[in-house]
Amino acid sequence: MEYPDSPDWFHRSRVPATRPHREARERRRAQLLAAAVEIFVSRGYHAAVMNDMAQRAGCSKPVFYQHFSGKLDLYLTVLRESVDMLVTGVEQALSCAVDNKSRVRAAVGAYFDYVDHETQNFRLVFESDVISEPAVQRLVDGAVDGCIEAVCAVIARHSGLDPYRAHMLATGLVGASQVAASHWLDSNRAIPKDEAVDIIVELCWGGLSTVPSQPGGPAAAADFTETPAANAVERLSA
């Protein structure tokens with residue numbers, strides 16, 4: 001049998017065969033992760049069983065070990081994706097806002113959208129039952145820190161605050177958003193999501209609107225709109 005003179009012939013001839021295999025492997029991995037999210041969210045880490053996840057994904061247990069070294073490795077992978085979903089959501093929401101009050105609403109709204117997502121990934125970040133595991137703790141802390149840093153960068157850029165004070169404000173806004181969003185969900189969405197977001201925005205904006213604007217930059221302050229949420233905040237502060 002004669003072979004082409006090009007030394008690259010062998011490698012080129014293998015591309016069509018390896019690409020479908022790689023794509024199939026990536027699809028299988030995505031199926032495994034989706035099944036893992038469902039089990040980890042509904043049962044927690046300790047009660048999750050690899051056999052059940054394999055069955056949910058429509059594969060055998062050994063297939064899991066072709067992609068992950070064990071249950072903790074799988075959990076960390078799922079958690080990492082959940083953290084990225086939260087931080088990316090906050091960053092994207094902030095990047096689309098056009099003024100300071102809409103930036104506050106974007107940050108708060110991103111948290112409410114995150115907990116309201118159908119996959120309920122937020123439970124892995126906010127309610128993990130294996131937080132004593134150092135690797136899990138680092139990822140969870142990283143989620144909070146990533147959101148704080150994203151908000152802090154915006155506050156620092158559009159205000160005259162020093163880094164420490166900007167970081168303090170960002171920490172307060174992120175903390176209020178996380179706790180309020182979780183409470184809203186745990187209360188079975190007692191009020192519409194937009195109204196819940198408005199309440200927290202008006203509460204936070206009552207303090208953030210007094211922050212001095214960056215010289216030459218967009219004005220930070222704006223009057224409260226006449227909404228039930230704004231009036232409630234004013235009554236509380238009276």
Side-chain angles (χ1 to χ4, degrees), residues 26 29-30 33-34 36-38 40-41 76-128 136 138-159 161 163 165-185 189 191-205 207-209 211 213-214 217-222 225 227 229:
E26 290 173 353
R29 179 182 172 87
L33 289 174
V37 168
E38 292 182 22
F40 283 136
V41 165
L76 292 174
T77 302
V78 169
L79 179 59
R80 192 174 295 110
E81 291 192 352
S82 301
V83 167
D84 290 344
M85 183 189 302
L86 171 60
V87 177
T88 300
V90 171
E91 291 174 341
Q92 290 179 345
L94 289 171
S95 68
C96 296
V98 295
D99 57 54
N100 286 336
K101 189 169 185 179
S102 67
R103 293 183 184 103
V104 174
R105 196 181 200 289
V108 175
Y111 265 88
F112 276 80
D113 289 341
Y114 183 64
V115 303
D116 199 31
H117 195 275
E118 60 182 3
T119 61
Q120 295 193 330
N121 288 59
F122 80 94
R123 297 196 185 279
L124 302 177
V125 180
F126 301 155
E127 302 174 3
S128 176
V136 173
R138 285 193 296 271
L139 283 174
V140 171
D141 290 345
V144 177
D145 291 343
C147 293
I148 290 174
E149 291 304 323
V151 175
C152 180
V154 171
I155 292 176
R157 186 163 60 249
H158 296 282
S159 76
L161 294 179
R165 288 177 171 80
H167 193 274
M168 283 288 292
L169 280 176
T171 300
L173 178 59
V174 167
S177 300
Q178 176 179 325
V179 173
S182 296
H183 173 73
W184 171 76
L185 190 67
R189 303 177 176 86
I191 60 176
K193 180 167 64 175
D194 286 346
E195 183 179 345
V197 170
D198 286 340
I199 290 173
I200 305 306
V201 169
E202 298 298 352
L203 175 64
C204 295
W205 183 245
L208 287 170
S209 61
V211 174
S213 61
Q214 181 71 18
T225 55
T227 65

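Computed over heavy atoms, backbone and side chain alike; hydrogens, waters and symmetry mates excluded.
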Exercise for the section: Could you please spell out the steps behind the side-chain contact (heavy atoms from CB on, under 4.5 Å) verdict for Ser177 and Leu173? Expected result: CA-CA 6 Å; Ser177 300; Leu173 178 59; 4.1 Å; yes
Practice task
For Asp116 and Arg189, run side-chain contact (heavy atoms from CB on, under 4.5 Å): C-alpha distance rounded to whole Å, both residues' side-chain angles, the deciding distance at 0.1 Å, then the answer.
Solution key: CA-CA 9 Å; Asp116 199 31; Arg189 303 177 176 86; 2.8 Å; yes
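Contact annotation: the side chain of Lys101 approaches that of Glu202 to within less than 4.5 Å [non-hydrogen atoms, C-beta and beyond]. Between His167 and Glu149 the shortest side-chain heavy-atom distance falls below 4.5 Å. Side chains of Tyr114 and Val125 form a contact here, defined as non-hydrogen atoms less than 4.5 Å apart. Side-chain contact between Phe112 and Asp194: absent, with no pair of heavy atoms (C-beta onward) separated by less than 4.5 Å. At a threshold of 4.5 Å between non-hydrogen side-chain atoms, the residues Arg105 and Asp198 count as touching. Two residues are said to be in side-chain contact when any heavy atoms from C-beta on lie closer than 4.5 Å; Val83 and Arg80 fail this criterion. With a 4.5 Å cut-off on side-chain heavy atoms, Ser82 and Leu86 do not count as touching. Annotation: side chain of Gln178 is in contact with side chain of Val144 (closest heavy-atom distance under 4.5 Å).
With rounding to the nearest 0.5 Å, the separation of CD1 in Ile200 from NE2 in His183 is 9.0 Å. Atoms SG and CZ, from Cys152 and Arg165 in turn, are 13.0 Å apart once rounded to the nearest 0.5 Å. For the atom pair His117 NE2 and Met85 CE, the distance stands at 5.0 Å (nearest 0.5 Å). Of the inter-residue distances, the one linking Cys96 atom SG with Arg103 atom CZ reads 11.5 Å to the nearest 0.5 angstrom. Between the OG atom in Ser128 and the CG atom in Leu139 there is a gap of 9.5 Å [rounded to 0.5 Å]. Taking CD of Glu91 as the reference point, atom CG of Asp84 lies at 9.5 Å (rounded to 0.5 Å).
Checked by atom type and distance alone, the side chain of Trp184 pairs as donor or acceptor with a backbone atom of Ile191 at under 3.5 Å.
Partner of Val41 under the side-chain contact (heavy atoms from CB on, under 4.5 Å) criterion, chosen from Leu124, Thr119, Val78: Leu124.
Contact detail for Leu185 and Phe122: the closest heavy-atom pair is CD2-CZ, 3.1 Å. Closest heavy-atom contact between Val90 and Ala150: CG1-CB, 4.3 Å. Of all the heavy atoms in Ile155 and Ala170, the pair that sits closest is CD1-N, 3.8 Å. Residues Ala97 and Ser102 come closest through the heavy atom pair CB-OG, 3.4 Å. Of all heavy-atom pairs spanning Leu94 and Ala107, the tightest one is CD2-CB, 4.1 Å. Nearest heavy-atom pair, Ala143 versus Val87, reported as atom, atom and distance to 0.1 Å: O-CG2, 3.8 Å.
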